[in-house]
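Scroll down for the structure; my scribbles are underneath it.
Below, read A as the first sequence line, B as the second, and so on, with proteins coming before strands; counting in each chain starts at 1.
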There are 2 protein chains.
Amino acid sequence: MTANVQSIDDKIESLKKRCQELGMRVTTQRVEIFREVASSCEHPDAETVYENVKERLPNISFDTVYRTLASLEDMDMIFRVDSLLPKARFDADRRPHNHFICIKCGEVYDIFPEDGYEVTIPENSKKFGEIKDINLQVRGICNKCRH
Amino acid sequence: MTANVQSIDDKIESLKKRCQELGMRVTTQRVEIFREVASSCEHPDAETVYENVKERLPNISFDTVYRTLASLEDMDMIFRVDSLLPKARFDADRRPHNHFICIKCGEVYDIFPEDGYEVTIPENSKKFGEIKDINLQVRGICNKCRH
DNA sequence: TCCTTTATTAAGAATTATTCTTATTAAGTA
DNA sequence: TACTTAATAAGAATAATTCTTAATAAAGGA
């Protein structure tokens, strides 16, 4: 196993640990919703998470998905990916990477930077507040939409 | 006047030119909606644009604002700023700059890079499609929300 | 200037995405 | 095993955006 690449089970273990640290309960729903985002490379939206978790937990509600995605985000276990559409999408990949976002269809593609590439924080961004994360968005028209 | 800094009237002139190029009509609504985004530093959302344009054009409809913002975006006259909230915000500032986005309140602050700072396009982002724009998002908690 | 064509608009209904309310359930603890 | 309360399900409510249709007005030609 390489650094930064965790198995799903490892990721779920760190979720459980984080819940304990924060005094939050380890519920089936929380675990399964996290599993769904953490095991996907598709930056799923709330609806997709709902559909997929529903196969395992048929009684899951839409509200639980939204509430849990928001709490996982607060816990820093998942991250919101901007999609330009009025629909939030999520990512649990902690490796530093950027996103190509298609301005036509909203699809989000991971850009794992080649060796040596790094985005640096602009010095004068620090005056606005406490920085949590930086994220480079490359916007364009994806190959699929060009045809 | 410095390069890249245009007066509002100049910006509206370029809108009219762009409409002509594209065979689109120069309507009062289109001009006033563009004026609103182009003269604001606040990255206004559709509702704010609607409220402000309404003072000059009392009959403007919400739909026209949405439709026109989308068409101005297609024309490359304005840009969508991601806000993490399910609410689009817009920017007409063509100078290269980045955004600090508050993860609590969604506020968007302009980061005009200091001399010498530049974000470069990751080489391997090109394989996903045609690149139109790159945009560095710095996410954090703004000073207002820290108190 | 007036007419014609058709892109654009206003109005409001419809849809989509998200959040809220309330009663119920179950995780963690004693 | 029982208790406490965080978390959930269900579905109503709200917020953001888009669609439908008839009316309007911009641009070009007579």
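- Rounded to an integer number of Å, the gap from B:Ile33 CD1 to D:dT17 P is 14 Å.
- The interatomic distance linking B:Lys87 (NZ) with D:dT18 (P) rounds to 15 Å, in whole Å.
- Listed for the A:Arg89 side chain is a donor-acceptor partner under 3.5 Å among the backbone atoms of A:Glu42.
- Residue B:Thr27 has a polar side-chain atom (N or O) positioned under 4.0 Å from OP1 or OP2 of C:dT9.
- The CG atom of B:Leu69 sits 10 Å away from the P atom of D:dT18 (whole-angstrom rounding).
- Scanning atom types as modelled, no donor and acceptor separated by under 3.5 angstrom connect the side chain of B:Arg67 and the base of C:dT8.
- Mapping B:Asn59 and A:Glu47 onto DNA chain C via the closest heavy atom, the residue that lands nearer the 5' end is B:Asn59.
- As rounded to whole Å, 16 Å separates atom P of C:dT16 from atom OH of A:Tyr50.
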Inset, instruction - Evaluate the criterion side-chain contact (heavy atoms from CB on, under 4.5 Å) for residue pair A:Phe34 and A:Lys11; output intermediate values, then yes/no. - result: CA-CA 9 Å; A:Phe34 177 70; A:Lys11 289 180 182 175; 3.9 Å; yes
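- Across the protein-nucleic acid pair, B:Met24 atom CE and C:dT8 atom C1' stand 10 Å apart, rounded to whole Å.
- Rounded to a whole Å, the CG atom of B:Asp74 is 12 Å from the P atom of C:dT8.
- Taking 3.5 Å as the limit, the base of C:dA7 and the side chain of B:Arg25 contain a donor-acceptor pair of atoms between them.
- Residue B:Tyr66 places at least one side-chain N or O closer than 4.0 Å to OP1 or OP2 of D:dT17.
- A:Thr64 has a side-chain polar atom (N or O) that falls below the 4.0 Å cut-off from OP1 or OP2 of D:dA9.
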Inset, instruction - Tell me, with the steps shown, if B:Glu51 and B:Lys54 meet salt bridge (Lys or Arg N to Asp or Glu O under 4.0 Å). - result: CA-CA 5 Å; B:Glu51 295 299 344; B:Lys54 206 176 169 64; over 6 Å; no
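- Atom CZ of A:Arg80 is separated from atom P of C:dA17 by 14 Å (rounded to the nearest Å).
- Candidate nucleotides C:dT9, C:dA27, C:dC20 were compared by shortest atom distance to the side chain of A:Thr28, and C:dA27 ranks first.
- Note on B:Gln20: every side-chain N or O is 4.0 Å or more away from OP1 and OP2 of D:dA27.
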Inset, instruction - Quick one: do B:Asp110 and B:His43 satisfy side-chain contact (heavy atoms from CB on, under 4.5 Å)? Show the steps, please. - result: CA-CA 9 Å; B:Asp110 282 330; B:His43 316 90; 2.7 Å; yes
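- Here B:Gln29 reaches the OP1 or OP2 of C:dA10: one of its side-chain N or O atoms lies under 4.0 Å away.
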Inset, instruction - Verify side-chain contact (heavy atoms from CB on, under 4.5 Å) between A:Asp91 and A:Val108, making sure each step is shown before the conclusion. - result: CA-CA 10 Å; A:Asp91 190 354; A:Val108 178; over 6 Å; no
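- In the set C:dC20, C:dA11, D:dT17, the nucleotide with an atom closest to the side chain of B:Asp63 is C:dA11.
- Residue contacts shown for A:Asp45 are absent, as no nucleic acid heavy atom lies under 4.0 Å away.
- The interatomic distance linking A:Leu22 (CG) with D:dA7 (C1') rounds to 15 Å, in whole Å.
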